Amino acid sequence: MVDPHLPARCALVSHQFSRITECPVFAKTERAIHQLHALQATICIEQCAQITRRAVRLRSFRSGSDLGGPLARRPDCFRRHLPNHVSTAFLESGGGRYLRAGLLLSARDYATMFHTAYGAFDGNSWERLCQLVFKRKFTDDGYTHIPATPGDYGLEGFTKTTGCGYQCYCPDKVYPPKELYEKQRDKITTDLKKLQTNEADLTKVLGATKLRRWHLVTPTIAHNDLIKHSQAKEAEVRGWNLSILAPDFQVLVHDADHYATEIQEIKLAVGQALDFGGLPTVLPELTDNSETYEKNVMRKTRTRLANSPADKLEGKVARLYTKTLREFLDHGPHLKRINDTAPTVHSRLARLINGYEADIGETCDTWVGTPQELTEKIRDGLTERIVKELAPAIDQTGAAQIARLIVARWIAVCEVDYD
């Protein structure tokens, strides 16, 4: 059971951390350093518990007397508990003491939808789309939808005049090909068995119709062994001699391309832009170590503030560095919240970000203004595009927040550079 107060506590300690780090004198007091220790250790633990949805036992935090030693037992300790995350927490000396800690979510954390050339789906959204397709494509054949209540008959619809049955299947996330094949194989086996188990009820549903073909409709065929399996099951099911099946009964597997025209027509009818592929619907995985990202943020922070007065430079660098790094660390959890709440919006957002990112290199190479002006141009442009393409799902305020977090990511991974 997840503690319902976790998000509130995490937000509180994050707010307290922000107030301390943005104080001009925070780097000059040992008391502040100890406060940072406690607060950011709490943030790490709270975020770990909140994101993984399970208790996370972390080793005790310890301070470093050399101001460069780890607060935690380095990333390897965290990786043992959180294999899909990278966590760091330590102090850095040199012009000021900065505490940095956080969770970096990999692309695997966003893979809660199955991504196709026609969009991202889970089991429910795929079935809804398939029903619209079947009703559009097979109207003249007397297509009849079979609701899954009060029971699942291994059949989600059939055509009265042609005797074709349809069953939909889409995994809720991306699996390796072998595992996806096994799930599709097991789906065929399980649902065909339901035809035998529910023969009496299906006789009443089908009436005079005999099923000549049973189709598994899935976004993609993972392996050609699935075709072999369907052939073997076809022969087995014919041997059952069910009264609801025609003597020439066949088992077929269809992927999304069998219904490409209908899918695109439906998307146009509801005002959705067509996706012709080419842009991934998840962000690239972060593969460098955390120190690399932190050094990139510090280097670019100094470049952005190069024109600041010398007597105010270090204070501004400390504040902007802390803010940018915090936004970078926050981008993963924020996108995960979007994905958990609105996975289709997340898929479209990730595709939009990847498309916008493709333009950044040329913008950086041809820029003639200051680094800060370039940063603002990129951030404002991303905000505008998000609002234009994703409103009303994401409003101006939400778009501006996402843009800040993503630009911080691009600064850390060097998509945005000022050289």
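Counting begins at 1 with the first residue of the sequence. This one's a predicted model, so the numbers in the text were calculated from it and none came from an experiment.
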*Distance from L325 atom CG to N296 atom CG, nearest 0.5 Å?*
11.0 Å
*With a 3.5 Å cut-off and no angle check, do the side chains of R409 and H331 form a donor-acceptor pair?*
yes
*Check for a donor-acceptor pair, side chain of W214 on one end and backbone N or O of L195 on the other, with a separation under 3.5 Å.*
no
*Under the 3.5 angstrom rule, does the side chain of Q401 hit a backbone N or O of H334 as a donor-acceptor pair?*
no
*Does the side chain of I411 come within less than 4.5 Å of Y293's, by heavy atoms?*
no
_Partner of Y166 under ring pair (Phe, Tyr, Trp, His ring centres under 6.0 Å), chosen from Y153, F158, F138_ = F138
*Go through the side-chain N and O atoms of N289 and T292 and say whether any donor and acceptor fall under 3.5 Å apart.*
yes
*Could you give the distance from CG (L226) to CD (Q184), rounded to the nearest 0.5 Å?*
5.0 Å
_Ion pair check, K295 and E291, cut-off under 4.0 Å_ = no
*How long is the span from the CG atom in L320 to the CG atom in L305, to the nearest 0.5 Å?*
5.0 Å
_Salt bridge check, K137 against E265: does any charged N sit closer than 4.0 Å to a carboxylate O?_
no
*asked:* I need the R304 CZ to E376 CD distance, nearest 0.5 Å.
replied: 8.0 Å
*Look only at the side chain of N198 and the backbone of K194, and say whether a donor-acceptor pair between them is shorter than 3.5 Å.*
yes
*asked:* Working to the nearest 0.5 angstrom, can you tell me the gap between R185 CZ and I188 CD1?
replied: 10.0 Å
*Give the minimum heavy-atom separation between S308 and K316, together with the two atoms involved.*
OG-CD, 3.7 Å
*Would you check if there is a donor-acceptor pair between the side chains of D380 and T383 at a distance under 3.5 Å?*
no
*Not counting sequence neighbours, which residues clear side chain to side chain contact (heavy atoms under 4.5 Å, CB included) with Q196? List them please.*
K193, W240, L242
*Could you tell me the separation between the CD atom of Q372 and the CG atom of N307, rounded to the nearest 0.5 Å?*
10.5 Å
*Report the C-alpha distance between I406 and E357 in whole Å, list the side-chain angles of each, state the deciding distance to 0.1 Å, and finish with yes or no for side chain to side chain contact (heavy atoms under 4.5 Å, CB included).*
CA-CA 10 Å; I406 294 301; E357 182 179 321; over 6 Å; no
_Cationic N near anionic O, under 4.0 Å, K377 to E373_ = no
*asked:* Could you check whether Q131 and Y143, counting side-chain N and O atoms only, form a donor-acceptor pair closer than 3.5 Å?
replied: yes
*Check whether any side-chain N or O of T190 sits under 3.5 Å from a backbone N or O of K187 as a donor-acceptor pair, and report yes or no.*
no
_R348 (side chain) donor-acceptor with E389 (main chain) under 3.5 angstrom_ = yes
*F134/H145 under ring-ring contact (aromatic ring centres under 6.0 Å, His included): CA gap, chis, key distance, verdict*: CA-CA 9 Å; F134 300 154; H145 173 211; 9.4 Å; no
*Is there a ring-ring contact (aromatic ring centres under 6.0 Å, His included) between Y181 and Y175 once you walk through the steps?*
CA-CA 9 Å; Y181 155 69; Y175 291 103; over 10 Å; no
*Not counting sequence neighbours, list each pair that qualifies as a salt bridge (Lys or Arg N to Asp or Glu O under 4.0 Å) and has a residue in residues 221-235.*
D225-K228, K233-E236, E234-R238
